[in-house]
Amino acid sequence: MAHRRHALPWLLFFRLCFDICEGHFAIPLKRYTGKFNSSRDLDLTPLQQTHGSRGNALSLASDPAGIVNFLDMVNNLQGDSGRGYYIEMSIGTPAQKLNILVDTGSSNFAVASTPHLFITHYFNTSLSTTFQPSGRTVAVRYTQGNWEGGLGTDRVSIKGPNQTITINIAAITASDGFYLPGVNWQGILGLAYPLLARPDSSVEPFFNSVVRQTGIPDIFSLQMCGAGDSASSTADPPGGSLILGGAEPTLYRGVMWYTPIKEEWYYQVEVLKLEVGEQNLNLDCSEYNMDKAIVDSGTTLLRLPANVFNAVVEAITRTSMIQDFSSGFWEGTKLACWMKGETPWRFFPKISIYLRASNTSQSFRITILPQLYIQPITDVDGTLDCFRFGVSSSANGLVIGATVMEGFYVVFDRSQKRVGFAVSSCAVSGGAALSEIAGPFSAADVGADCAGGSLNEPLLWVISYAMMALCATILLTLLLLLVLPCRWRHRSGEITDQSSLVRHRIK
């Protein structure tokens, strides 16, 4: 046992070195379709969209020059949180139309360029006279799925600015787990900052190119209408709006509240606390921002760091009227089902997220009702309605995904480094809003910087390379120490390694 005790520190050290050296970094998070077993216990119904009169949106304060017609972009999205929200785009010359997933959690614009079992069509680069390959390859990993391909440029036309722009395009040639059965999109539109672009930040993201080439304000906004009255309506199917250049006032109600962007890579924000049924979880605010807290339209669920997730599940179980849920429901492996026509939402509490306000001594609260996080999936034999839990545990930080975003009109105001939230006009069911927003509240009871410990990915790369260099230096030194003593041991009068160690310990 003694020799193992002496060897253990070295084994741990080598393990640390090799873990760091072999580690890789990936853009976290994405879609969570899940594989469910039906467990007969629960129920729900759909969610969605009502627009008021839209008026004239051509002269908003955010677009004084009237460059953009926001009304042209209203209802330009299709899809829902489970399948993702996508927009139709025309790419190349002559134009090839593809549906592109809208993702605020990555920065590459990438489209299928070869056939795949789960997609109906793809961008044929050889048919576009304006496609210019750059000769560079690119690979992107997500929490779910990955792809690789070749970089190039081509022309893309979009509504709103009504212009054709030239953008960087990754032509996907191979993928694993990226395309999913039943989805109706053939590419991804990354709307985050250049720091997340692959293979490096020299690849200008789509929206940066739009702003530079058209002169529109550096703002875009999202309304995602997969929750509300029309979610189950075939006449008015789920969808939403991606507004480039500003915010369309008819898409939200009440006041727009803004939270500062902490770091410009993802849209990283600062979460101060969570409440379940108006009960504070009473966790240190750093727990909510462990690794990072981001706003990501490409993630289906509300994802929480493990400690926060466990506290939320415990609080829901304690406050809900149903105590005997299978653990598989909370873990996302089982559905909960009720008899058709029942409404289980009354059994569950609201969930509230407090974000730091523009006035950093204050916060505001965004609240989702159970209709947003107890999500209808399917019926069983026409007699049961089944639902999933729209919250999951995360090893990559807190993610405000579609589960929450469907309740709000979200403005990504990059020009002023802030993200805005207002109650969405389409998050309504039976005349009642499915989300709430309130403030201001004092932030005096939380730390001055709850996200101060987060490290962004480029910095982690620097640290990783530094540790690799340190590991290599130490390993080289150890190898020299193993070789050199062999020459010294047979020289008379030389101090052996063992006695040398003892002597240095005494000193």
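Below, each value reflects all heavy atoms present in this structure, side chains not excepted, and no hydrogens, waters or symmetry copies. We count residues from 1, following the sequence as given.
Not one N or O on the side chain of Gln186 forms a donor-acceptor pair closer than 3.5 Å with the backbone of Phe123. Side-chain atoms of Thr299 do not come within 3.5 Å of backbone N or O of Leu301 as any donor-acceptor pair. Formation of a donor-acceptor pair under 3.5 Å by the Thr129 side chain with backbone atoms of Thr93 is found in this model. Glu263 places no side-chain N or O within 3.5 Å of a backbone atom of Trp265 that could act as its donor or acceptor partner. A donor-acceptor pair under 3.5 Å is formed between the side chain of Ser221 and the backbone N or O of Gly246. Remark: side-chain polar atoms of Thr259 are not paired, donor with acceptor, to backbone N or O of Ala357 under 3.5 angstrom. Looking at Trp185, its side chain does come within 3.5 Å of a backbone N or O of Arg83 through a donor-acceptor pair. Distance alone, capped at 3.5 Å, is enough to place a donor-acceptor pair between the Ser113 side chain and the Ile172 backbone. Put simply, the side chain of Ser175 never gets that close to the backbone of Phe178: no donor and acceptor are under 3.5 Å apart. Of the possible polar contacts, one joining the Asp296 side chain to the Gly105 backbone as a donor-acceptor pair under 3.5 Å is found.
Side-chain contact annotation: Ser392 with Arg303, donor-acceptor N/O pair under 3.5 Å present. Between the side chains of Thr403 and Gln375, a donor-acceptor pair is found at a separation under 3.5 Å. Using modelled atom types, one finds a donor on one side chain and an acceptor on the other under 3.5 Å when comparing Glu204 with Ser209. Between the side chains of Asn76 and Ser241, no donor-acceptor pair of N or O atoms lies under 3.5 Å. A donor-acceptor pair shorter than 3.5 Å can be found between the side chains of Glu275 and Tyr354. In this model, a donor atom of one side chain and an acceptor atom of the other lie less than 3.5 Å apart for Ser106 and Asp103. For Thr153 and Asn168, the side-chain atoms include no donor-acceptor pair closer than 3.5 Å. A donor and an acceptor atom, one from each side chain of Gln223 and Ser425, are located under 3.5 Å apart.
Of the inter-residue distances, the one linking Asp80 atom CG with Tyr86 atom OH reads 8.5 Å to the nearest 0.5 angstrom. A distance of 11.5 Å separates CZ in Arg155 from OG in Ser90, rounded to the nearest 0.5 Å. Residue Leu355 holds its CG atom at 11.0 Å from SG of Cys450, rounded to the nearest 0.5 Å. Atom-to-atom distance recorded for Ile243:CD1 and Leu251:CG is 5.5 Å, nearest 0.5 angstrom. From Met405, atom CE reaches atom OG of Ser435 across 12.5 Å, with rounding to the nearest 0.5 Å. Rounded to the nearest 0.5 Å, atoms CG (Leu372) and OG1 (Thr367) are 11.0 Å apart.
In this structure, Arg414 satisfies the cation-pi test against Tyr193, with its NZ or CZ atom closer than 6.0 Å to the six-membered ring centre and inside 45 degrees of the ring normal. A cation-pi contact, defined as under 6.0 Å to the ring centre and within 45° of the axis, links Lys292 to Tyr266.
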side-chain contact (heavy atoms from CB on, under 4.5 Å) between Ile400 and Val410: does it pass, once the steps are laid out? CA-CA 11 Å; Ile400 298 174; Val410 185; over 6 Å; no
Pair Val74-Glu248, side-chain contact (heavy atoms from CB on, under 4.5 Å): steps then yes or no: CA-CA 8 Å; Val74 170; Glu248 167 53 50; 4.1 Å; yes
Determine, step by step, whether Ser394 and Asn396 satisfy the side chain to side chain donor-acceptor pair (under 3.5 Å) criterion, reporting the C-alpha distance in whole Å, the side-chain angles of both residues, the deciding distance to 0.1 Å, and the verdict. CA-CA 5 Å; Ser394 168; Asn396 303 104; 4.7 Å; no
I would like to know whether Asp200 and Arg136 meet salt bridge (charged side-chain N to carboxylate O under 4.0 Å, His left out); could you show each step before the answer? CA-CA 11 Å; Asp200 55 58; Arg136 301 175 69 190; 2.8 Å; yes
Evaluate the ring pair (Phe, Tyr, Trp, His ring centres under 6.0 Å) criterion for residues Tyr409 and Tyr252: first the C-alpha distance (whole Å), next the side-chain angles of each, then the deciding distance (0.1 Å), finally the verdict. CA-CA 6 Å; Tyr409 185 55; Tyr252 66 93; 5.5 Å; yes
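Residues Val308 and Leu274 meet the side-chain proximity criterion, which asks for heavy atoms closer than 4.5 Å. In this structure, the side chains of Leu222 and Leu77 come closer than 4.5 Å at one or more pairs of heavy atoms. Looking at heavy atoms from C-beta onward, Lys262 lies in side-chain contact with Asp449 at the 4.5 angstrom threshold. Within the 4.5 Å cutoff, the side chain of Leu101 has no heavy atoms near those of the Tyr85 side chain. With contacts defined as side-chain heavy-atom distances shorter than 4.5 Å, the pair Gln132/Asp154 does not qualify. At least one side-chain heavy atom of Pro194 sits under 4.5 Å from a side-chain heavy atom of Pro205. Taking 4.5 Å as the limit, some side-chain heavy atom of Leu98 sits within range of a side-chain heavy atom of His121.
Aromatic ring pairs are classed by plane angle as parallel below 30°, tilted from 30° to 60° and perpendicular above 60°; the pair Tyr373 and Phe389 is perpendicular.
No more than 12 heavy atoms of other residues, nucleotides or ligands lie within 6.0 Å of NZ in Lys97, so this atom counts as exposed by the packing criterion.
Taking the six-membered ring for Trp, Phe364 and Phe441 have ring centres at least 6.0 Å apart.
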